[in-house]
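Below is one structure, written out as structure tokens; comments come after it.
This structure is a prediction, so every number in the text was calculated from the model and none was measured.
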Amino acid sequence: MRIASAALLAAALGLAACGPEPVAQAQAQAPAAAAPVPGVYQARTDIGPNGEPLEIKAIKPAYLRDRNVRAQVPYNGPDAPGTIVVDPYARFLYLVEPGGTATRVGVAVGKAGLGFAGTATVGRKAKWPSWTPTANMVATEPELYSQFRGGVPGGLTNPLGSRALYLYQGSRDTLYRIHGTMDPSSIGKATSAGCIRLFNQDIIDLFDRVPTGTRVKVRTAAESRALEGPLVETPDGYLEPAGVPVVQPVAATGAPVVTGAPLVESAVPARL
């Protein structure tokens, strides 16, 4: 396979492991933040697919919004401890724990991430997963995918990131994936393509904590609203609880205006 640049690879794949969607456009820069980077999001060295050391960069403070940061939280859902709960509408993933708590992380959600709801199991796990386009993808968009027909090896330029969990129903691959990302600026936002992506540090933690066969529950829009409450989307693409003041710049003066009016309901599918 011809070696492509990281930019071309990202453009061609578009996180297409969850479906043949074209690539999302580059995400807008997250707002600045002054808080220090928590230890769990610091840089680390991991072992790559061929035993080579791979450096995972620290997450920039600007991307560590409150709803994106890994946290131990009360859990009021009906799911049993050990269950992974994906809420693509609130852009959260929970690992349910005993005692009415859960570990919660922020996720980015692509269009394919809204295409499945219900229950499945983790049928396969992969470290630094490879990716291969389907025959249909190569046939319908050869200019994008034919150069990758032999597969894309795992590594720092692979859109699936450091780890991937593959969801199955029985022996059937649902094509739904929970995986890392090469674009940490996307976490907490809706994207054009892909399934459910986490910071590489968060998917490594989840990967290490759940075995194959783990039950996964993907919420519907109605379940999300009932358990998370109404949410609104801010001008920079993140979600906040409805009623929290949202600061919007005024084009004429540049002065901020604070409003509590909803911008985009969280149940609306990810923008294309």
Donor-acceptor pair, side chain of T174 and main chain of L167, under 3.5 angstrom: yes
Separation between NZ of K189 and CG of L239, rounded to the nearest 0.5 Å: 11.5 Å
For L156, side-chain contact (heavy atoms from CB on, under 4.5 Å) partners two or more places apart: L54, W128
Side-chain (T214) to main-chain (P211) donor-acceptor, under 3.5 angstrom: yes
Minimum heavy-atom distance between P53 and T45, given as atom pair plus value: CB-CG2, 3.8 Å
Whether Q42 side chain and G39 backbone form a donor-acceptor pair below 3.5 Å: no
I203 CD1 to L93 CG distance, which is reported to the nearest 0.5 Å: 7.5 Å
Beyond-backbone contact of T101 with Y75, side-chain heavy atoms, under 4.5 angstrom: no
Geometric cation-pi criterion, K125 with F207: 6.0 Å, 45°: yes
Side-chain touch F199/I204, heavy atoms, less than 4.5 angstrom: no
Spacing of CG belonging to D205 relative to CG belonging to L95, to within rounding of 0.5 Å: 8.0 Å
Qualifying residue, where the test is side-chain contact (heavy atoms from CB on, under 4.5 Å) with Y41 and the options are I56, N200, V69: V69
Inter-residue atom distance T212.OG1 - R124.CZ, 0.5 Å rounding: 10.0 Å
Side-chain donor or acceptor of T121 paired with backbone N/O of G123 under 3.5 Å: no
Least distance between heavy atoms, S185 atom then D183 atom: OG-OD1, 2.5 Å
Minimum heavy-atom distance between A164 and P129, given as atom pair plus value: CB-CG, 3.7 Å
ILVMFWY network linking V96 to I84, side-chain heavy atoms under 4.5 angstrom: no
D66 atom CG: more than 12 heavy-atom contacts under 6.0 Å: no
Pair R65 + E240, salt bridge at N-O below 4.0 Å: yes
Under 3.5 Å: donor-acceptor pair, side chain of D173, backbone of Y168: no
side-chain contact (heavy atoms from CB on, under 4.5 Å) between V107 and V86, intermediate numbers included: CA-CA 9 Å; V107 304; V86 177; 5.7 Å; no
Side-chain heavy atoms of R149 within contact of Q147, under 4.5 Å: no
Test side-chain contact (heavy atoms from CB on, under 4.5 Å) applied to R219 and E228, step by step: CA-CA 11 Å; R219 289 175 178 172; E228 303 290 342; 2.8 Å; yes
From CA spacing to verdict: side-chain contact (heavy atoms from CB on, under 4.5 Å), T83, V216: CA-CA 6 Å; T83 303; V216 181; over 6 Å; no
Donor-acceptor under 3.5 Å (R67 side chain, A90 main chain): yes
Side chain D87, main chain V218, donor-acceptor under 3.5 Å: no
L160 CG to L165 CG distance, which is reported to the nearest 0.5 Å: 11.0 Å
Candidate pair V73 and Y94, rule side-chain contact (heavy atoms from CB on, under 4.5 Å), full reasoning: CA-CA 9 Å; V73 298; Y94 295 93; 4.0 Å; yes
OG1-CD1 distance between T181 and I196, expressed to the nearest 0.5 angstrom: 12.0 Å
Linked, directly or transitively: V122 and L206 (ILVMFWY side chains, under 4.5 Å): yes
Ionic contact status for R163 with D46, cut-off 4.0 Å: yes
Where P88 and V109 come nearest, the two heavy atoms and their spacing: O-CG2, 3.4 Å
Close side-chain approach of Q201 to K57, heavy-atom, < 4.5 Å: no
Exam field: side chain N68 to backbone I187, donor-acceptor pair closer than 3.5 Å: yes
Ionic contact status for D208 with K127, cut-off 4.0 Å: no
Side-chain touch Q72/R104, heavy atoms, less than 4.5 angstrom: no
Note, M182 side chain near P159 side chain (heavy atom, < 4.5 Å): yes
Minimum heavy-atom distance between G106 and F92, given as atom pair plus value: CA-CD2, 4.5 Å
N-O pairing of E55 and R44 below 4.0 Å: no
Closest approach of I59 to V37 (non-hydrogen atoms, all atoms of both residues): O-CG2, 3.3 Å
Within 45° cone and under 6.0 Å: R177 NZ/CZ vs Y166 ring: no
Ionic contact status for E233 with R91, cut-off 4.0 Å: yes
R197 and D202: CA distance, side-chain angles, deciding distance, salt bridge (Lys or Arg N to Asp or Glu O under 4.0 Å) verdict: CA-CA 10 Å; R197 70 183 93 156; D202 284 337; over 6 Å; no
